[in-house]
Student: 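I have a structure here, written as structure tokens, and I will follow up with some questions on it.
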Amino acid sequence: MSAAERPARGHHRAGGAAGLGYDRPVGRTRGFDTEQALDAALETFWVHGYDASSMPELCRAMGIQPGSAYAAFGSKRDLFRAALQRYARTVSSEAVLGLTSSPSGLDGLRSYFDDLVEAMVDGRRRWGCLITNSLVEFAERDPDLAGVFDLHLANLEAAFEAALTRAKAAGDLRSGAGPEQAKLLVAVVQGMNVLAKARPGRPALRSVADAALAGLVAAPDAPRLSDRCGYLQD
């Protein structure tokens with residue numbers, strides 16, 4: 001660990017019993033808002049990745065001095081872990097809300113992929129998904145972060161399972177399709193997250209989403225995702 005990444009003397013690492021919690025105070029403390037600072041760090045990690053985000057750059061983004069950052073969050077790795085957890089609680093949870101809140105499982109699936117495509121084209125997801133990016137960056141070198149990644153993927157899979165169960169009960173899925181395909185949709189989303197970083201454009205991303213749903217939805221009266229959104233074919 002470099003000197004820039006080491007916490008100040010006397011600092012204790014954050015972490016809950018299962019290694020997933022973040023037990024440092026959240027809110028206004030030490031003269032700055034820790035949630036706003038954490039959001040700024042999250043954006044920096046999201047855009048540039050872990051390795052390319054130095055502690056001086058993170059401190060500039062957060063608007064605080066290095067000593068304050070180490071006292072509030074710990075080392076760079078501790079800060080990164082907290083940013084991943086905040087991402088899961090905010091960005092990921094908001095994205096999954098359409099899946100879990102819609103009475104119609106099929107509408108929930110379509111809404112999720114609609115929003116995903118738009119976020120990848122014009123929104124914050126054009127940088128991909130922070131957790132997916134981190135999986136690629138840390139898959140083999142930091143097994144300790146696996147719990148954060150696994151929890152995120154498990155929550156997404158559970159939301160897909162619930163939506164597919166509702167869709168199957170309503171007769172909206174093809175014969176043989178059902179909650180068992182939740183893992184497939186998780187894989188599709190992870191692939192789209194990686195693809196989004198190459199900025200392929202709306203038609204390419206939409207075609208992936210359309211194909212994923214077309215393999216599940218009962219034919220022949222299931223409209224394309226693009227038709228439902230009213231997009232013009234490019």
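Since we're looking at a predicted model, the values are computed, not measured.
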Student: Donor-acceptor pair, distance only, cut-off 3.5 Å: does the side chain of T34 make one with the backbone of A72?
Tutor: no
Student: Grab the two heavy atoms, one from A69 and one from M62, that are nearest each other, plus how far apart they are.
Tutor: CB-CE, 4.0 Å
Student: Quick one, F73 and F80 - any side-chain contact, counting heavy atoms below 4.5 Å?
Tutor: no
Student: Would a 4.5 Å heavy-atom cut-off, applied to side chains only, mark Y50 and N133 as touching?
Tutor: no
Student: Which donor-acceptor pairs under 3.5 Å do the side chains of residues 169-181 make with protein atoms, sequence neighbours left out?
Tutor:
from: R174; atom 1: NE; to: A214; atom 2: O; distance (Å): 3.0
from: R174; atom 1: NE; to: V217; atom 2: O; distance (Å): 3.2
from: R174; atom 1: NH2; to: A214; atom 2: O; distance (Å): 3.3
from: Q181; atom 1: OE1; to: G178; atom 2: N; distance (Å): 2.7

Student: In Å, rounded to the nearest 0.5 Å, how long is the span from CG of L195 to CE of M192?
Tutor: 7.5 Å
Student: What I'd like to find out is whether the side chain of I131 reaches to under 4.5 Å of the side chain of N193, using heavy atoms alone.
Tutor: no
Student: Would you check if L185 and F113 make a side-chain contact, meaning some heavy-atom pair closer than 4.5 Å?
Tutor: yes
Student: Between E161 and A182, what is the shortest heavy-atom contact and its length?
Tutor: CG-CB, 3.3 Å
Student: Looking only at non-hydrogen atoms, find the nearest pair between P66 and C59 and report the distance.
Tutor: CA-SG, 3.6 Å
Student: Do the non-hydrogen side-chain atoms of R60 and T44 ever get within less than 4.5 Å of each other?
Tutor: no
Student: Ignoring hydrogens and angles, write down the donor-acceptor pairs under 3.5 Å from the side chains of residues 145-156, residues two or more places apart or on other chains.
Tutor:
from: H152; atom 1: ND1; to: S92; atom 2: OG; distance (Å): 3.4
from: N155; atom 1: ND2; to: L151; atom 2: O; distance (Å): 3.4

Student: State the CG-CD distance between D115 and E94, to the nearest 0.5 angstrom.
Tutor: 11.0 Å
Student: L205 and L184: same hydrophobic cluster, using ILVMFWY side-chain contacts below 4.5 Å?
Tutor: yes
Student: Is there side-chain contact between R166 and L106, with heavy atoms separated by less than 4.5 Å?
Tutor: no
Student: Say whether D78 and S75, considering side chains only, have a donor N or O and an acceptor N or O under 3.5 Å apart.
Tutor: yes
Student: Group every Ile, Leu, Val, Met, Phe, Trp and Tyr by side-chain heavy-atom contacts under 4.5 Å, then state whether W127 and V117 land in the same group.
Tutor: yes
Student: Taking the side chain as everything from C-beta on, heavy atoms only, tell me whether V91 gets closer than 4.5 Å to R86.
Tutor: no
Student: Going hydrophobic residue to hydrophobic residue with side-chain gaps under 4.5 angstrom, can you get from V186 over to L130?
Tutor: yes
Student: Go through it in stages, so that I can follow the logic: the residues are Y87 and C129, the test is side chain to side chain contact (heavy atoms under 4.5 Å, CB included), and I'd like the CA-CA distance, side-chain angles, deciding distance and then a yes or no.
Tutor: CA-CA 9 Å; Y87 180 93; C129 166; 3.4 Å; yes
Student: Locate the shortest heavy-atom distance separating L58 from S53; write the atom from each residue and the value.
Tutor: CD1-O, 3.9 Å
Student: Just how far is it from atom CD of Q85 to atom CG of L42, taken to the nearest 0.5 Å?
Tutor: 11.5 Å
Student: If every non-hydrogen atom of S102 is compared with every non-hydrogen atom of S104, which pair is closest and at what distance?
Tutor: OG-O, 2.9 Å
Student: Tell me whether the centres of the aromatic rings in Y112 and F160 are closer together than 6.0 Å.
Tutor: yes
Student: On a heavy-atom basis, which atom in G108 and which in L99 lie closest, and how many Å separate them?
Tutor: O-CD2, 3.6 Å
Student: Could you check whether any side-chain heavy atom of E57 comes within less than 4.5 Å of a side-chain heavy atom of H48, counting everything from C-beta outward?
Tutor: yes
Student: Roughly how far, to the nearest 0.5 Å, is the CZ atom of R206 from the CD atom of E118?
Tutor: 9.0 Å
